**Q** 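One structure follows; several queries about it will come next.
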Amino acid sequence: MFRKQLLYLTSDTLCAYDWRHGALGPGQAFPASAAGLDGFAAWLEDPQAQRLDVPAYLLTDLIEEDFQHQLLPHVRGKAGRALLERRKLQLHRDTPYRGSALLGRESTGRHDDQVLFFALTNPTLLQPWTEALEHLRIPVAGIYSTSLLSIALVKKLALTHEHLLLVTQQSGGLRQSYYEKGQLRFSRQTATIALDGVAVNIALETEKTRQFLTSTRMLARGDVLNTVILAPATQIAKLELLCDNGVEVAYHFIDLQLASERVGLRQTPALADELLLTLLGKHPPPSHYPPGPLARYYHFQRARKTLYGASALIGASAALWCVINLLGGINDAAGTARLQQETASYQERYRNTMSSLAPAPAKTQNMKVAVTLGRMIASQAPEPGRLLGLLSMALDQAPQVKLGQLHWHAGQPPARAAGSGQAPPQPDANPVLGSSLAGVPIAPPQALRLEADVDMPNNDYRAALGAITAFAQNLARQPGMQVSIEETPLDLRPSASLSGKSAAPAAASQARFTLLLVWQP
């Protein structure tokens, strides 16, 4: 648990405590005088204690503390915060130590917010001590009120009364705090009139508080005010004689030893100061009053610790990353050495195997080239199968066309022989094929010249020409296919005389035509 400095301030004294290892150390009191301020400064600057960098928590127990209950319109966001700040300034203009707490909302009407405003109305009581802290650059974590901190004490003691008045004897005097359904509504401090160490004015002050609560309508007439008094066990019997239960007041007593056990205090104190200081040391809440410029050294300290923590985290991450990389490098080196050993073993086995074999007629590289060329020629060498398949599909869609002759050629098509109806020239007996015609490195084009007959009923040349054109266009739709009509049944050129290959006029006749197909696979 972190080290802290707990400062308990009353109207005339400041008691300073060291909080170490979750326990409250012995306190030292400094009077509100020049000598007391010098002693407090010397206590902070003690080189053996090293308190200059320890966060300080200032707990106030002052009679000049005001509590007011107000209703505010239910406004959210920035406008609501501005409204709250304006009301704080209106109620407590002369002090910077002011705060507020939302109690709930009204159940009727506009459902306004119920807000408790509180303030330390005499800031001059704090000024000498805060100036000393500021001068020594002590990191002040917050300024707290014993009245507001006692809410945690009520929860620790499990006090569930709807109307509760908690009475504690503290260094500043007799503190009476009123709670409604567990929420602080009012608190006041009065001087203690003690007789043999017993506060004989508890019953009188309790009646005054009850009358005030009734007059301000915080306590309705007929409601029972359950008054819980914290006191040492030796005083409870005497207090019971002084405090008589009435119609509207019921007294309950709690031994300080039991309260100390609930809070976690190791020894029983004489006053409730140490109970509240222990609660503050164990679980410090957000500051009740704004510390203002006093908090800047605390913020600097937190930022510095955050940077140190981030630097340590980055350094640890970097060290871990280096270790991981080092271990990975070691594993990689071991793996590389193992692979090198396996490679050397395989190479040795390969050499032994090759040395026992007969000499190969050809080198391995040449065989690899031959295999590659063979696969290339097998996949890209020209063959008429695919082209004839495309022609077959086109003939299936044109039943009026009858195939006559086919002339297939690898590469660009040869020139057609002069004269109509003559076959193309025959290739040489021993042709010399270039590498491009063998499919190296790409598949060569293929040419197919076909002679076919088309049905021509009643010698209708126009229908025959339409069928030939449709047949040629159907073939031309295939990817990579070029189709040209070399010869038609009827020469339509203006310079040519009317001629054709058709037979004598008949009811059904045929006409011969020639197509040239050039296909690039």
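What you see is a predicted model, and the numbers here were worked out from it, not measured in a lab.
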**Q** Any side-chain heavy-atom pair from R175 and S187 closer than 4.5 angstrom?
**A**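 Yes; the side chains approach each other to less than 4.5 Å.
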**Q** Closest heavy-atom contact between L9 and L125?
**A**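 Distance-wise, the nearest heavy atoms are CD2-O, 4.1 Å.
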**Q** For atom CG of D332, decide whether the heavy atoms of other residues, nucleotides or ligands shown that lie under 6.0 angstrom number more than 12.
**A**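 Correct, the count exceeds 12.
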**Q** May I ask you to decide if the ring planes of Y57 and Y298 are parallel, tilted or perpendicular, using 30° and 60° as cut-offs?
**A**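 Perpendicular.
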**Q** Looking at every heavy atom in both S177 and L184, which two are closest together, and how far apart are they?
**A**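 Heavy atoms of S177 and L184 come nearest at CB-CD1, 3.9 Å.
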**Q** Determine yes or no for a side-chain-to-main-chain donor-acceptor pair under 3.5 angstrom, with W519 supplying the side chain and P479 the backbone.
**A**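 Yes, W519 side chain to P479 backbone: donor-acceptor pair under 3.5 Å.
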**Q** Between H163 and Y179, is the side chain to side chain donor-acceptor pair (under 3.5 Å) condition met? List the steps.
**A** CA-CA 6 Å; H163 301 285; Y179 301 87; over 6 Å; no
**Q** What distance separates M393 CE from N474 CG, expressed to the nearest 0.5 Å?
**A**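 So the CE of M393 and the CG of N474 are separated by 9.0 Å.
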**Q** Is there a side chain to side chain donor-acceptor pair (under 3.5 Å) between D61 and Q189? Walk through the geometry before answering.
**A** CA-CA 8 Å; D61 182 19; Q189 185 190 75; 2.6 Å; yes
**Q** For a quick check under 3.5 Å, do E65 and S145 share a side-chain donor-acceptor pair by atom type?
**A**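 On atom types as modelled, these side chains qualify, holding a pair under 3.5 Å.
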**Q** Can you check whether E180 reaches M218 side chain to side chain, under 4.5 Å on heavy atoms?
**A**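 The answer is no; the side chains never approach within 4.5 Å.
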**Q** Check this for me, if you would: do D112 and R105 make a salt bridge, where the nitrogen-to-carboxylate-oxygen distance has to be below 4.0 angstrom?
**A**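 Salt bridge: no.
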**Q** Would H69 and R185 count as a side chain to side chain contact (heavy atoms under 4.5 Å, CB included) if you check the C-alpha gap in whole Å, the side-chain angles of each, and the deciding distance to 0.1 Å?
**A** CA-CA 7 Å; H69 177 264; R185 301 293 297 270; 3.4 Å; yes
**Q** Between S287 (side chain only) and P290 (backbone N and O only), is there a donor and an acceptor less than 3.5 Å apart?
**A**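 Pair absent, no side-chain N/O of S287 close to backbone of P290.
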**Q** Considering non-hydrogen atoms only, spot the tightest contact between L276 and S150 and give its length.
**A**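 Scanning both residues completely, I find the closest heavy atoms to be CD2-CA, 4.0 Å.
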**Q** Okay, side chain of T13, backbone of T10: is any donor-acceptor separation there less than 3.5 Å?
**A**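 Not confirmed, T13 side chain does not pair with T10 backbone.
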**Q** Can you see whether W43 has R51 sitting over its ring - NZ or CZ less than 6.0 Å from the centre and within 45° of the normal?
**A**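 Positive - R51 is close enough to the ring of W43 and near enough to its axis.
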**Q** Ignoring hydrogens, what is the shortest heavy-atom contact between P73 and D113? Give both atom names and the distance.
**A**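 Taking P73 first and D113 second, the nearest heavy atoms are O-OD2, 3.9 Å.
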**Q** Give, for atom CD1 of I202 and atom OG1 of T190, the distance between the pair rounded to the nearest 0.5 Å.
**A**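 I202 atom CD1 to T190 atom OG1 measures 9.0 Å (nearest 0.5 Å).
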**Q** Do L279 and V263 have side-chain heavy atoms sitting under 4.5 Å apart?
**A**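 The answer is yes, as the side chains (C-beta and beyond) meet within the 4.5 Å cut-off.
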**Q** If we ignore hydrogens and angles and just use 3.5 Å, is the side chain of R296 paired with the main-chain N or O of P293 as donor and acceptor?
**A**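 Yes, because the side chain of R296 sits within donor-acceptor range (under 3.5 Å) of the backbone of P293.
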**Q** If you compare all heavy atoms of L164 against all heavy atoms of L225, which two are closest, and at what distance to 0.1 Å?
**A**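 That would be C-CD1, 4.3 Å.
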**Q** Check whether Q176 reaches the backbone of R188 with its side chain - one donor and one acceptor, N or O, closer than 3.5 Å.
**A**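 It does not hold such a pair.
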**Q** Does R351, at its CZ atom, have more than 12 non-hydrogen atoms belonging to other residues, nucleotides or ligands within less than 6.0 Å?
**A**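 Yes, CZ of R351 has more than 12 neighbouring heavy atoms, counting only those of other groups under 6.0 Å.
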**Q** Would you mind checking if R221 and E248 are paired as a salt bridge, meaning a charged N to carboxylate O distance below 4.0 Å?
**A**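 Here E248 does not pair with R221 in a salt bridge, since their nearest N and O are not under 4.0 Å apart.
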**Q** Measuring from T227:OG1 to H161:NE2, what's the distance to the nearest 0.5 Å?
**A**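 Between T227 OG1 and H161 NE2, I get 9.5 Å after rounding to 0.5 Å.
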**Q** Between K4 and G281 (side chain of the first, backbone of the second, donor and acceptor by atom type, cut-off under 3.5 Å), is there such a pair?
**A**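 Yes, the answer is positive, given that a donor and an acceptor are paired below the 3.5 Å cut-off.
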**Q** Kindly check if the number of other-residue, nucleotide or ligand heavy atoms within 6.0 Å of NZ (K156) is above 12?
**A**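 No - once you tally the heavy atoms of other residues, nucleotides and ligands closer than 6.0 Å, there are 12 at most.
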**Q** Quick one: pull up NE2 in H135 and OG1 in T130 and give me the separation to the nearest 0.5 Å.
**A**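 These two atoms lie 13.5 Å from each other.
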**Q** Look up atom CG in L230 and atom CD in Q235, then write down how far apart they are to the nearest 0.5 Å.
**A**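 So the CG of L230 and the CD of Q235 are separated by 11.5 Å.
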**Q** Ignoring hydrogens and geometry beyond distance, is a side-chain donor-acceptor pair present between E106 and Q114 at under 3.5 Å?
**A**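 Present: a donor and an acceptor within the cut-off.
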**Q** State the CG-CG distance between L7 and L280, to the nearest 0.5 angstrom.
**A**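 Going from the CG atom of L7 to the CG atom of L280 covers 9.5 Å.
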**Q** Do the side chains of E45 and L136 get nearer than 4.5 Å, heavy atoms only?
**A**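 With C-beta onward as the side chain, the pair touches.
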**Q** Within the side chain of D255, is there an N or O that forms a donor-acceptor pair under 3.5 Å with the backbone of A233?
**A**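 Side chain of D255 to backbone of A233, a donor-acceptor pair under 3.5 Å: yes, one is there.
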**Q** For the pair S215 (side chain) and Q211 (backbone), establish whether a donor and an acceptor sit closer than 3.5 Å, ignoring hydrogens and angles.
**A**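 Yes, the answer is positive, given that a donor and an acceptor are paired below the 3.5 Å cut-off.
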**Q** Given side chain to side chain contact (heavy atoms under 4.5 Å, CB included), test H92 with Q90 step by step and report yes or no.
**A** CA-CA 6 Å; H92 306 104; Q90 291 172 1; over 6 Å; no
**Q** Measure the shortest side-chain to side-chain distance between I236 and E240 over non-hydrogen atoms and say whether it is less than 4.5 angstrom.
**A**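 Counting from C-beta outward, I236 and E240 do come under 4.5 Å.
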**Q** Got Q5 and P55 here, is their nearest side-chain heavy-atom distance under 4.5 Å?
**A**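 No, too far: nothing below the 4.5 Å cut-off.
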**Q** Consider only side-chain N and O atoms of Q170 and T168, and report whether a donor and an acceptor are under 3.5 Å apart.
**A**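 Yes, T168 and Q170 have a side-chain donor paired with an acceptor closer than 3.5 Å.
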**Q** Can any side-chain N or O of T60 pair as donor or acceptor with the backbone N or O of Y144 at less than 3.5 Å?
**A**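 Looks like yes, one N/O pair under 3.5 Å.
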**Q** Step through it carefully: locate the ring centre of Y289, locate the ring centre of F118, and say whether they are under 6.0 Å apart.
**A**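 When the ring centroids of Y289 and F118 are compared, they turn out to be within the sub-6.0 Å range.
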**Q** Answer whether the closest heavy-atom distance between the side chains of I254 and I229 falls below 4.5 Å.
**A**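 A side-chain contact under 4.5 Å is absent here.
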**Q** Quick one: does any side-chain atom of N331 pair with a main-chain N or O of L327 as donor and acceptor, under 3.5 Å?
**A**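 Indeed, once roles are kept as given, a pair shorter than 3.5 Å links the two residues.
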**Q** Between E64 and S11, is a side chain to side chain contact (heavy atoms under 4.5 Å, CB included) present by the stated rule, with each step listed?
**A** CA-CA 9 Å; E64 292 89 350; S11 299; 4.0 Å; yes
**Q** May I ask you to test the L58-P291 pair for a side-chain heavy-atom distance under 4.5 Å?
**A**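 Answer no - side chains too far apart.
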**Q** Give the minimum heavy-atom separation between S100 and V115, together with the two atoms involved.
**A**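 Scanning both residues, the minimum pair turns out to be CB-CG1, 3.9 Å.
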**Q** Taking the basic N atoms (NZ, or NE/NH1/NH2) and the acidic carboxylate oxygens, is any pair closer than 4.0 Å for D66 and R98?
**A**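 No, D66 and R98 are not salt-bridged.
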**Q** When you look at W19 and V54, which way does the side chain to side chain contact (heavy atoms under 4.5 Å, CB included) test go after all the steps?
**A** CA-CA 10 Å; W19 178 270; V54 179; over 6 Å; no
**Q** Please find out if less than 6.0 Å separates the ring center of F30 from that of F40.
**A**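 Yes, they do, as the ring centres are separated by less than 6.0 Å.
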**Q** Quick one: which of F212, Y178, F117 gives a ring pair (Phe, Tyr, Trp, His ring centres under 6.0 Å) with F186?
**A**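 In the set F212, Y178, F117, the residue that makes a ring pair (Phe, Tyr, Trp, His ring centres under 6.0 Å) with F186 is F212.
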**Q** Can you tell me if Y251 and N245 form a side-chain donor-acceptor pair at under 3.5 Å?
**A**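 No - no donor-acceptor pair under 3.5 Å links their side chains.
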**Q** Tell me whether the count of non-hydrogen atoms from other residues, nucleotides or ligands lying under 6.0 Å of CD in Q267 goes above 12.
**A**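 Open: at most 12 neighbouring heavy atoms sit under 6.0 Å from CD of Q267.
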